[in-house]
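Worksheet: the structure to be examined is printed underneath.
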Amino acid sequence: MAKVLCVTSGKGGVGKTTTTAALGAALAQAGEKVCVVDFDVGLRNLDLIMGAERRVVYDLINVTNGDAKLPQALIRDKRLENLSLLPASQTRDKDALTDEGVERVMGELREKFDWIVCDSPAGIERGAQLAMRHADVAVVVTNPEVSSVRDSDRIIGLLDSKTVRAERGDSIEKHLILTRFDPARADRGDMLKVDDVLEILSIPLLAIIPESLEVLRASNVGCPVTLNNPLCAPSRAYIDAVRRLKGETVPMAIPSDRKSLINKLFTRRAA
Amino acid sequence: MSVLTFLKPRGSSSVARERLQLILAHERAERSETGRPDLIITLREEILNVIAKHVTVERDKVQIKLERGEGVSTLGVDIEFPVDAISKAKPKAKRAIA
């Protein structure tokens with residue numbers, strides 16, 4: 001049965017789009033049929049992170065309004081044939097999304113794919129609430145920093161009250177992905193520790209994504225980090241997250257890209 | 001740099017944690033006041049209207065408190081009215097029934 005996963009956070013700039021692309025690609029790499037959906041109407045960026053910005057013809061609004069059929073708007077990934085993108089509109093605003101339209105499109109997506117990964121806009125208003133509305137699973141993306149943790153708490157409250165599942169009296173599966181984590185800073189006492197964030201938000205941890213240049217590199221070239229460099233630290237963390245989402249038990253670790261001195265000298269010379 | 005520098009707790013993350021725990025406890029309580037931030041105001045208005053049918057009370061003499069405890073919350077209603085308000089109230093109440 002298809003699963004709808006919403007990537008959300010409340011606060012902007014914490015890594016929702018990066019996480020959507022990385023999880024979507026890693027799920028597809030694991031053999032699942034995946035569609036990543038951009039709900040950030042007016043400020044779309046998932047197309048850019050996926051490297052499909054020049055292939056957008058129709059978007060989510062065109063489909064919800066009935067101006068285009070779903071297959072016309074879906075963009076199939078050039079690297080993974082079982083990965084598709086449904087882009088957001090860049091010219092319309094969030095009010096152009098109707099509740100009924102979104103419900104119908106989510107239903108159609110459920111018939112075609114195993115996983116539908118929705119990238120939520122920042123904030124707690126209509127756009128964010130529509131992105132989470134039909135979710136079975138939610139991934140809350142949080143930075144180890146006070147404003148991000150506070151906003152995540154708000155979002156968790158909304159997940160428990162404003163989703164179809166919550167309204168039916170069912171629970172919604174919630175997971176935390178801690179992004180931009182720096183173990184050295186946390187050890188020095190300059191950054192919230194993993195346990196601090198977990199204690200405050202009290203939802204289960206799905207992954208710890210270390211702060212890494214690889215995330216920036218992947219976005220520069222328009223490729224999900226898990227595809228661009230599957231062996232780098234953030235990719236390993238995202239790939240473990242996907243295994244956990246699929247029900248595997250994987251020990252939690254904070255992957256690191258720390259290189260030996262010889263390795264460093266070698267890569268510098270090679271560059 | 002003095003000896004005191006070494007005695008101070010390391011880093012600022014413990015401050016962050018404490019501030020977050022405090023503000024979130026407050027915000028969660030506000031949110032979960034049966035999920036309605038305006039609950040107190042609604043209760044106050046409706047209770048006042050019921051009482052005003054029978055006795056005359058001044059709006060600022062009505063205090064409504066909602067206290068949250070472990071598992072149970074208590075609603076305290078404190079209404080102050082003048083001595084002669086009750087004696088006057090009887091015929092008024094009869095009229096209301098009739």
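Values below: all heavy atoms of this structure, side chains included; hydrogens, waters and symmetry mates excluded.
- In this structure, B/Ile23 and A/Val146 have side chains that are not in contact, with every pair of non-hydrogen atoms separated by 4.5 Å or more.
- Of the candidates A/Leu201, A/Ile200, A/Asp196, B/Leu20 forms a side-chain contact (heavy atoms from CB on, under 4.5 Å) with just one, namely A/Ile200.
- Environment of CZ in A/Arg185: sparse, with no more than 12 heavy atoms of neighbouring residues, nucleotides or ligands closer than 6.0 Å.
- Around CZ of A/Arg150, the count of heavy atoms belonging to other residues, nucleotides or ligands within 6.0 Å does not exceed 12.
- A/Glu199 has no carboxylate O lying under 4.0 Å from a charged side-chain N of B/Arg17, or vice versa, which leaves the two without a salt bridge.
- Counted within 6.0 Å of CZ on A/Arg236, heavy atoms from surrounding residues, nucleotides or ligands total more than 12; the atom is thus considered enclosed.
- Surrounding CZ of A/Arg126 are more than 12 heavy atoms belonging to other residues, nucleotides or ligands, all under 6.0 Å away.
- B/Ser13 contributes a side-chain N or O that, together with a main-chain N or O of A/Gly189, makes up a donor-acceptor pair within less than 3.5 Å.
- When every heavy atom of B/Ala16 is checked against every heavy atom of A/Leu192, the shortest pair comes out as CB-CD2, 3.9 Å.
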